[in-house]
Every structure is written in C-alpha cells, then in structure tokens.
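Computed from a predicted structure; not experimentally measured. Any value given below was found using the heavy atoms of this structure, including those in side chains, with hydrogens, waters and symmetry copies removed. Each chain gets a letter, A, B and so on, in the order the sequences are listed, and its residues count up from 1.
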Amino acid sequence: MNQKSDYLALRARGLRLQGLDCDLLVAAYLLNSGIRTPSLEALASDILHRAIEGKEALLGSGKAAQSCTQVEVARVAAFYGDRMRIIMELAPRLLSDLERLQNAALFRDLEMPLLPVLAEMELAGVSIDIPYLQQVSRDLYEQLQRLDQEIADVAHGPINVNSPVQLARFLFEDLNLPGGRKTKSGYSTDATVLEALRDLHPVVGKILEYRQLSKLKGTYVDALPALVDLQTHRVHTSFNQTVAATGRLSSSDPNLQNIPIRTDYGQRVRRAFVPGRAGDLLLSADYSQIELRVMAHMTEDPLLLESFAQGEDIHARTAAEVFNVARDQVTPNQRRMAKVVNFGILYGLSDFGLARDIGMNPENARVFIETYFRKYGRVREFLEGIKMMAREQGYVETLLQRRRYIQDIRSPNRQLRGAAERVAVNMPIQGSAADIMKLAMIELDRYLREHELRTQMILTVHDELVFEMPVDERDRLVEVVPDLMASVYSLRVPLQVDLKIGQNWQDMERVRVVAAQA
DNA sequence: GACCTGTGC
DNA sequence: ACCTCGCACAGGTCG
C-alpha cells in the first residue's frame, strides 16, 4: 500500500525495509496519473466496486482525531484486515495492467527504486537558520507597517491590502482607476493588473510591494521555523510521488519546491537554508535547459540539435534566427522575446498569450510565432504529431513510456480542446525531464550508498538536486555528481549539469559545468 | 471550503 | 465574442 509511510514508520524504529516492490498507490498512479491522487478507498471503489472505510471512520478527523492506540484493538484489527484483503485482490490486477500498458519496467526499475530514496530524503530533512529568519521577519514587519500606514494615508483610513475586495473598492471606486480584467467576484487586483496601473498613482507601487513582502513573510519567513522538527531541528517535507499528472514529484508540508529566488527578499529567504553541521556545505546540481534539450531530442529539429551540440546560448540563437540577425548582433530585448517564445512553445503558446507576455499586439505575435515555425519546422511537425497521437489513442507519453490520458482532446468546444492540446504538448517534455531526474536520483543514491559516503541528498526541485556534504567529500562529488547526472540518459543532444557549492542555498559558487556526449 | 493571489520550475 | 501558457502548493480573506 503506501510503502513510503511504511518504510518511514519502520525506519523511525531503526529498521530499513528492503525489497519494496509493489506500492499500489504508485502502480495506480502510473496507470492513470490524471485523475486524482490515488487512495485505497478510491481503488477499492473504482476497480473492485467495493466500499471500504477510510481512516477517518476508524480514528475520526480534524481535532477529534485519535491515534490508533486509543481505539479498541478488535476495531483496528478489523479495519486493517479489510484493507489487507483489498490490497491482496488489487495487487495482481494492477500489476497485470502495468504489463499490458508496457509500464512494468517504469514501475519496477524507476518508480519503486525511487521510493526509498524519497523516504530517506524526507527523513534527512533540511536545516534552517531560525535566528536569521527571525531577524528577516522583524525587518519585514517594519516594512509592512510602514507600507500599510502609507496606503492608509492615501485611503483616508485603514484598508486590508490582503483583501482583494477591499483593495478593488479602494482602487477602482475611491481612486477611480480604470478597472481591467474581472474575476468571478469582481475586478481582478493581481500583479499584472496592478503593474498596468503603476504609473497612474504612486500608491499602486506600494501595494505591489506590500503584497510581495506579505507573501514572503506569511508563506516562508514565519511559516518555516514553525515547521522545524523538535527532535531533529530540521524541516522534513513530504515528496509526493503520485500527485503531478506529468510524472514530476511534488513537495508539501512544507512545499520546498517554491522557495523564492527572484527578488532581493526572496534571496534572503533562500539564505536561511544551510547545512546542519558546522563546516559542511550545500552542493547544488541542476540540469541546464533540460526541457528544451528534451524538445530538441524529440523533434530532431536540425537547428535545435546544432545549437545544443555547439553549446550555444539557445535563446540568443533563437533570436538570431527569428529576427534574422547575426548571433553577435542580438539585442538583450530580442533575446528576452526569443526566450519567452522558447518556453512558450513548451506550453503550447497562443499568439494571445505571447502578445500578453512580451507586450506586442496579437497580430505581431502571430507573425513572430509563424517566423519561429518557419525556422524550426520540425518543432511544428512534432507538436502536430503529439496532438494527433493524443486524438487517435487518447494519451501521450514520455521517453520512458509514462502515460497521460488526455481528456477533451476531441471536444467540439474550442476552448476545452485548446486546453487539452496544450496539456498534450507539455506532458511528454515536462514528464521526460522528470523521468531523467528520477533516474539520476536513483543512481546518485546508489553511488553514495555503495561508497559509504556521508553526503546526503536532501532536496529535488524539478531540475535541481541539493546535497548536504562534508567538506572532505567535496572533491569526489564535484567529479561524480555532474558526470553521473549528465550521462544517466542519452539524448540526441548533450545533457548539461551546472554544479554549485556554498554555505547556504543562495550564496553559491559555480564550480563546474559538465556536458555529456550526445 | 471557495476564491484569489503568488511563489517555484 | 470568445480566447489569454504547462505543472505544482500554500496563505489570506470571506461567508
């Protein structure tokens, strides 16, 4: 059943469970990643058409929830007996379905070996500098007080900037600023709307700043210290293997995959992530442009293949092609626009979306996209091929045959069908990158274990891995980690890994860049 | 709990 | 007139 929690339960008592080979939740997830995150109750109902009690029925829920030691033994035994019967019936059916879908190898050789790796990462946790974060919190508090007062002065009374309703009333009624997009419940006040109003009134900038700082304080600076485990003095996230429809991992309680990085205050948050032992270091290894490399591999587009083979700046090259200028004549703005297009392609971009993102009108955006596809013809063919595959067989798949069924791909409703096509286009690319990262995690874990190194993998953020590392293992890992990651799967273009080392997750120094043979 | 908003890749 | 780029998780407000 949920073998990660079984593994962790035994591990907490000093036992390392081996031979984990059939987690039903993981099996069900591979069989259909798209529905909802699997549970035994749902599987029993969907597959066996039988209703079983959930944990809430045994233990209660919310505040009144009991631990299972507080419930009568016979009740607990009956509850788990029922579940075990269901598991014994489900397992062979799910396994034969995996065989039938050609997903048995993905299950046996990738997802199941990954499971204990994730469990060990959760157990290891990550160390947070609490006194430092408390200082950041005090700074933020002062800034927020100041901004709140300044906004109140303009509003002739206090308003709650975190309330979209109050904010909309203030901006669009009191100040009479032009309201833009509407949401279900009124005028939108999100950042894109506010950015457009920035020059119309000085208070708008203050609101944007308030929003940003309030977000950081509430979501990270104040939340993280409260989640530090009292025994280990570390934060132990959950890495979820059965949630994301593309095959990516997710992180929750807390989510350590959306720690800020872009803004100054965001970077201050990142500085709070430190090694747990004095003298140790953090090592970060990230795949450079992995999704675009996957796209180059899948499309076999000659220009993309050449760009990556030559180790070019991919966005600059795209700009040179699309704007028809020499590569050394590309302006920063042209490169920026090309970058938006490159990423947009991965997501099934429309002319409307592109126009919005780079601030040109939709007609120019249409021409821009058309020019892109004239240069990168195989990309267009690939995208059309993916959509056709989705239409004809109802699913798309990654390099390792991970499937995603595509709802609405044949819908007569243009909006629904368009959304389905974007999903179909994005999944093989995002999901293949996830396949590669998972392979690398398994191999790296195996290496660290075989060589009895003390370095511990602690975080995975889609294209990045973070390790906590004793200094004396540094030289060895600088050699091994990027080489292994870059060679774990062979594409038609090199995989490139950037390696950084530092005393925290923000202030890191690049130590090596490795590109594997294509 | 729904909705809005915003952080990451 | 419609459309507004994929995948996640979480905090705050409001009813």
For A:A223 and A:G218, which heavy atoms make the closest approach, and how far apart are they?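 Heavy-atom minimum between the residues: CB-O, 3.6 Å.
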
Nucleotide nearest [X] when distance is taken to its side chain, options [options]:
X      : options              : value
A:N258 : B:dG8, C:dC14, B:dC4 : B:dG8
A:R404 : B:dT5, C:dC7, C:dC9  : C:dC7
A:N162 : C:dT13, B:dC4, C:dC7 : C:dT13
A:N255 : B:dG6, C:dA10, C:dT4 : C:dA10
A:N240 : C:dC7, C:dC9, B:dC9  : C:dC9

Please determine whether a side-chain nitrogen of the Lys or Arg among A:K206 and A:E209 lies less than 4.0 Å from a carboxylate oxygen of the Asp or Glu.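 So A:K206 does not pair with A:E209 through a salt bridge.
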
Less than 4.0 angstrom from a charged side-chain N to a carboxylate O is my criterion; do A:R335 and A:D313 meet it?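 Here A:R335 pairs with A:D313 in a salt bridge, since their nearest N and O are under 4.0 Å apart.
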
When all nucleic acid strands are considered with a 4.0 Å heavy-atom cut-off, which category describes [X]: base, sugar-phosphate, or nothing?
X      : value
A:I261 : sugar-phosphate
A:R417 : nothing
A:S251 : sugar-phosphate
A:V425 : nothing
A:G353 : sugar-phosphate
A:L346 : nothing
A:A191 : sugar-phosphate
A:A245 : sugar-phosphate
A:R414 : base

Look at [X] and [N] and indicate whether a side-chain polar atom (N or O) is within less than 4.0 Å of OP1 or OP2.
X      : N     : value
A:Q415 : C:dT4 : yes
A:T189 : B:dT5 : yes
A:S252 : C:dC9 : no
A:R422 : C:dG6 : yes
A:R262 : B:dG8 : yes
A:T219 : B:dG6 : no
A:T183 : B:dC4 : yes
A:Q212 : B:dT5 : no

Between A:K438 and A:E111, is any pair of side-chain heavy atoms under 4.5 Å apart?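 A side-chain contact exists here, since the closest heavy-atom pair is under 4.5 Å.
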
[X] [atom1] to [N] [atom2]: how many Å, rounded?
X      : N      : atom1 : atom2 : answer
A:Q166 : B:dC3  : CD    : C1'   : 16 Å
A:I290 : C:dG6  : CD1   : P     : 21 Å
A:L208 : B:dG6  : CG    : P     : 8 Å
A:E421 : C:dT4  : CD    : P     : 13 Å
A:E291 : C:dC7  : CD    : P     : 12 Å
A:Q241 : C:dC7  : CD    : C1'   : 17 Å
A:Y220 : C:dG12 : OH    : C1'   : 14 Å
A:K215 : C:dC9  : NZ    : P     : 14 Å

C:dG12: pairing nucleotide in any strand, Watson-Crick or G-U under 3.5 angstrom: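 Looking at the geometry, C:dG12 pairs with B:dC3.
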
Under a 3.5 Å limit for both distances, which nucleotide forms a Watson-Crick or G-U wobble pair with B:dC9, could you say?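 B:dC9 is paired, partner C:dG6.
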
Is the ring pair A:Y187/A:F172 parallel, tilted or perpendicular, if the boundaries are 30 and 60 degrees?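 Taking A:F172 first and then A:Y187, their aromatic rings sit tilted (interplane angle of 30° to 60°).
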
Please verify the inter-ring angle class for A:F273 with A:W505; under 30° counts as parallel, over 60° as perpendicular, anything in between as tilted.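 Correct class here is perpendicular.
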
Considering only the P atoms, how many Å lie between B:dC4 and C:dT4, rounded to the nearest integer?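 Rounded to whole Å, the distance is 15 Å.
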
Would you compute the distance between atom CD1 of A:I128 and atom CG of A:L256 and round it to the nearest 0.5 angstrom?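 Those atoms lie 7.0 Å apart.
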
